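Read through the structure below, which is laid out as structure tokens, and then see the notes.
As the structure is a prediction and not an experimental result, all values here were calculated from the model. We count residues from 1, following the sequence as given.
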Amino acid sequence: MICLGVAIVAAIVLGRSIRREADVGAGSAASANRSRRLAHLERLVPFGAFALYVIIARLVFSGRPLLIDEVVQLLQARIFTSGHLWLPVAAHREFFSILHLVDTGDKVYSQFPPGGPAMLALGELVHAPWLVGPACGAISVALFARLLKWTDPGASSAFHLGATLLFAIAPFAAFMFASHMNHVTTLMWLLVATLGLANVIRGDVPKVGWAFVNGLGLGAAAAIRPLDAFAFAVPAAAWLLVLAWRDKRRWLDVVASGIGVAIPFGAMMWVNARTTGSPFLFGYEVLWGKAHGLGFHTAPWGAAHTPSRGLELISLYVTRLQTYLFETPFPSMLPVIASLALTKRLSALDRYLLVSATLLGALYFAYWHDGFFLGPRFVFPWLPVLVLFAARLPGLVRERFGRGRVWIGTNAALASGALMAVGFALPERVMLYEGALTSMRADYTAESANAGVKDALVFVRESWGAQLTVRMWERGISRSAAAAFYHGVDACLLDRALRDLEAHDIRDTAAEARLQPLLADSSRVIASTLSVDVTEKVLEGTLYDRTCMSRINEDRAGYTHLAPLLLEHGSGNVYARDLHAHDSLMTAMYPTRAMYLLRRKGAMPDSAFEWLPLNRDSLIGAWRSGA
């Protein structure tokens with residue numbers, strides 16, 4: 001309403017004067033110099049964008065991977081930089097297993113395609129993997145600026161500069177480009193592919209070099225996020241085939257693009273063959289089975305993915321874009337929708353981008369997971385087309401209504417929305433991101449040095465729920481079944497059942513069969529009302545024994561996460577998950593190391609860490625007594 005009010009006032013007050021000034025200045029001889037200056041400024045935007053993303057990466061995200069996806073891909077990047085594709089499984093893997101890390105056989109590697117970790121490995125080589133996102137973001141800005149010359153060749157230098165700036169500073173883009181997420185590198189390669197395609201389709205002669213660039217971009221994107229690349233590859237392939245059908249000489253472009261695709265895609269297949277055992281088998285399926293793939297079926301977490309849920313997810317992504325795209329007080333998609341409505345004719349490249357974006361949405365309609373981090377991350381490749389049409393709105397309004405009150409009101413509304421985003425929404429968003437996921441962003445090397453802990457065996461106290469999950473994995477229960485049991489069974493009932501399985505050494509399918517009856521009450525369990533970890537489940541009327549109450553009290557006393565500690569390599573410490581009496585296996589492996597327990601000092605997520613020294617003889621005595 002504020003933006004609408006500003007638009008109305010501006011239209012009334014400034015309408016005539018601005019139109020008069022525009023008429024006077026229309027033929028100014030200074031316009032050519034102004035265009036040149038704007039073109040020079042446009043070339044500087046990627047460098048400014050890089051500086052912005054570096055600031056966000058360091059000050060907002062602490063230069064660290066915050067989501068488990070980022071952590072696992074960085075672990076894989078370190079495996080690559082060590083000269084290996086995978087590492088051997090630890091003797092007692094349950095102390096080190098984390099989500100999304102494949103360790104079900106005799107190899108340890110990331111479940112993600114190798115392209116994303118390979119990009120992070122470039123940063124790891126210079127001990128700054130956090131620079132990869134900002135660097136790829138800046139390159140994406142430069143590629144988008146170049147692409148504008150093809151999508152809007154007749155537009156002014158002011159439009160090209162404004163659209164490039166909008167792409168660079170759009171909050172959804174800026175925060176994502178400052179992260180370790182593989183959506184960043186995927187978008188960069190998709191823009192490379194699109195720019196290559198734009199050059200190929202212009203003219204009547206083969207352009208083998210640009211066709212190769214198109215294929216290379218698509219192949220590299222496929223090695224990072226195959227689904228995203230597929231959405232852009234299918235329309236591009238169809239386009240190139242149509243050109244080749246009309247002109248036999250253009251088959252050279254098809255072949256060159258195919259070779260470009262084959263190089264990175266072949267590298268990915270080679271890595272897959274040596275990790276998962278099959279060129280077309282990804283780590284996702286090794287961990288979660290066929291349920292991880294596209295389609296309407298029971299998802300790995302146990303819930304059914306149906307067409308109605310697919311529509312719900314797509315609707316949710318678009319709804320989130322209304323906020324996260326530009327952080328404006330009005331829906332961020334409104335300028336995009338208005339621009340599409342006012343567009344009289346779409347160029348060939350516009351159609352390619354829109355078809356690819358639509359196909360991407362259709363693919364994620366058939367995918368069961370809700371991809372949310374820093375915004376609706378699964379539709380991050382929509383960013384170029386959304387920014388492009390949003391940037392066109394003032395020009396389309398001027399073309400349709402002239403330089404009158406409608407155009408002035410539109411510009412005033414957009415400007416006031418941008419100012420309110422900068423003044424109100426973005427500071428709040430920055431504070432939210434700065435204060436989130438504190439366990440993932442801590443500097444554990446400094447923490448251990450301050451505590452005087454070096455070359456020690458450190459048991460990391462995770463929540464009871466995390467321990468239950470890993471204990472199921474240790475029993476050979478599949479990841480998907482373990483997730484279903486964890487989300488559908490009272491934590492104490494699950495703990496008791498696991499104690500029985502461990503006492504009788506029951507594993508694999510037999511263990512799953514023993515736990516299956518516990519799901520009978522899955523519709524009645526609720527988020528734990530006893531533990532501070534609300535992912536744990538409780539069933540009303542269940543009596544908790546001494547062991548279960550002890551675990552609840554441990555959660556209340558404080559816990560942290562193991563995953564980020566696996567990245568710590570400056571202290572010489574060995575970090576292992578605390579599994580209570582089971583820890584005796586680790587103490588036997590490291591008989592000479594000092595031992596500590598690491599946890600939060602309290603249940604608050606920002607509570608200080610405490611490094612509690614452990615006495616080996618006291619521990620063994622307590623374990624043997626059953627205390």
Derivation of the ring pair (Phe, Tyr, Trp, His ring centres under 6.0 Å) call for Trp368 and His292: CA-CA 8 Å; Trp368 52 272; His292 194 281; 5.4 Å; yes

Heavy-atom closest pair, residues Val192 and Gly217: CG1-CA, 4.2 Å

Side-chain heavy atoms of His183 within contact of Val379, under 4.5 Å: no

Other residues, nucleotides, ligands: >12 heavy atoms within 6.0 Å of Phe372 CZ: yes

Short side-chain to backbone donor-acceptor contact, Gln322 and Met333, under 3.5 Å: yes

Intermediate values then yes/no, side chain to side chain donor-acceptor pair (under 3.5 Å), Thr185 and Asn182: CA-CA 5 Å; Thr185 48; Asn182 63 10; over 6 Å; no

Check: Leu195 and Val213 side chains under 4.5 Å, non-hydrogen atoms: no

Minimum side-chain heavy-atom gap Pro113-Pro226 below 4.5 Å: yes

Test side chain to side chain contact (heavy atoms under 4.5 Å, CB included) applied to Leu294 and Leu227, step by step: CA-CA 10 Å; Leu294 293 180; Leu227 207 62; 3.7 Å; yes

ring-ring contact (aromatic ring centres under 6.0 Å, His included) partner of Phe177, chosen from Phe380, Phe61, Phe50: Phe380

Parallel, tilted or perpendicular: ring planes of Phe282 versus Tyr284, cut at 30 and 60 degrees: tilted

Short side-chain to backbone donor-acceptor contact, Glu124 and Pro129, under 3.5 Å: no

Ion pair Arg250/Asp253, N-O distance below 4.0 Å: yes

Greater than 12 external heavy atoms within 6.0 Å of Arg202's CZ: no

Closest heavy-atom pair and its distance - Ala563, Val71: O-CG1, 3.8 Å

Short side-chain to backbone donor-acceptor contact, His127 and Gly123, under 3.5 Å: no

Heavy atoms of other groups near Leu59 CG, more than 12 under 6.0 Å: yes

Closest non-hydrogen atom pair, Phe172 against Gly375: CE1-CA, 3.8 Å

Side-chain heavy-atom pair Tyr367, His369 within 4.5 angstrom cut-off: yes

Least distance between heavy atoms, Thr328 atom then Pro331 atom: OG1-C, 4.2 Å

Under-4.0 Å salt bridge between Asp443 and Arg64: yes

Side chain to side chain contact (heavy atoms under 4.5 Å, CB included) between Val141 and Tyr53, worked out: CA-CA 12 Å; Val141 173; Tyr53 306 151; 3.5 Å; yes

Any donor-acceptor N/O pair, Glu428 side chain to Ala425 backbone, under 3.5 Å: no

Inter-residue atom distance Leu363.CG - Thr358.OG1, 0.5 Å rounding: 11.0 Å

Validation row: Leu383, Leu325 side chains within 4.5 angstrom (heavy atoms): yes

Salt bridge flag under 4.0 Å for residues Asp370 and Arg309: no

Mutual orientation of the aromatic rings belonging to Phe378 and Tyr364 [parallel < 30°, tilted 30-60°, perpendicular > 60°]: parallel

Leu419 CG to Phe424 CZ distance, which is reported to the nearest 0.5 Å: 9.5 Å

Distance under 6.0 Å and angle within 45° of ring axis: Arg392 vs Phe389: yes

Close side-chain approach of Leu143 and Leu147, heavy atoms under 4.5 Å: no

Minimum heavy-atom distance Gly361-Trp382, with the two atoms named: CA-CZ2, 3.9 Å

Separation between OG1 of Thr164 and CG of Leu38, rounded to the nearest 0.5 Å: 11.0 Å

Student check: side-chain heavy atoms of Pro264 and Leu216 closer than 4.5 Å: yes

Polar contact flag, side-chain donor to acceptor under 3.5 angstrom, Thr186-Asp228: no

Candidate pair Leu241 and Trp251, rule side chain to side chain contact (heavy atoms under 4.5 Å, CB included), full reasoning: CA-CA 8 Å; Leu241 288 172; Trp251 282 106; 3.8 Å; yes

CZ/Arg441: more than 12 non-hydrogen atoms of other groups inside 6.0 Å: yes

Test item: Arg351 side-chain N/O and Leu346 main-chain N/O as donor-acceptor pair under 3.5 Å: yes

Worked check of side chain to side chain donor-acceptor pair (under 3.5 Å) between Asp606 and Thr438: CA-CA 6 Å; Asp606 57 350; Thr438 54; over 6 Å; no

Test item: Ser339 side-chain N/O and Pro335 main-chain N/O as donor-acceptor pair under 3.5 Å: no

Whether Phe167 and Phe144 hold their rings parallel, tilted or perpendicular, with breakpoints at 30° and 60°: parallel

Within 6.0 Å of CZ in Phe230, more than 12 heavy atoms from elsewhere: no

CA sep, side-chain torsions, deciding dist, call: Ile201, Tyr352, side chain to side chain contact (heavy atoms under 4.5 Å, CB included): CA-CA 11 Å; Ile201 62 175; Tyr352 168 72; over 6 Å; no

Nearest heavy atoms of Leu197 and Ala236, plus distance in Å: CD2-CB, 4.0 Å

Short side-chain to backbone donor-acceptor contact, Glu70 and His180, under 3.5 Å: yes

Main-chain N/O of Ser257 paired with Asn214 side-chain donor or acceptor, under 3.5 Å: no

Interatomic spacing from CG in Leu374 to CZ in Arg429 - rounded to 0.5 Å: 9.5 Å

Short side-chain to backbone donor-acceptor contact, Ser140 and Cys136, under 3.5 Å: yes

Between CG on residue Asp152 and NE2 on residue His160, distance to nearest 0.5 Å: 5.5 Å

Atom pair OG/CZ of Ser308 and Phe296 - distance to nearest 0.5 Å: 9.0 Å

Glu42 and Arg37: CA distance, side-chain angles, deciding distance, salt bridge (charged side-chain N to carboxylate O under 4.0 Å, His left out) verdict: CA-CA 9 Å; Glu42 183 187 328; Arg37 287 196 300 271; over 6 Å; no

Donor-acceptor pair, side chain of Ser62 and main chain of Arg58, under 3.5 angstrom: no

Close side-chain approach of Phe212 to Val208, heavy-atom, < 4.5 Å: no

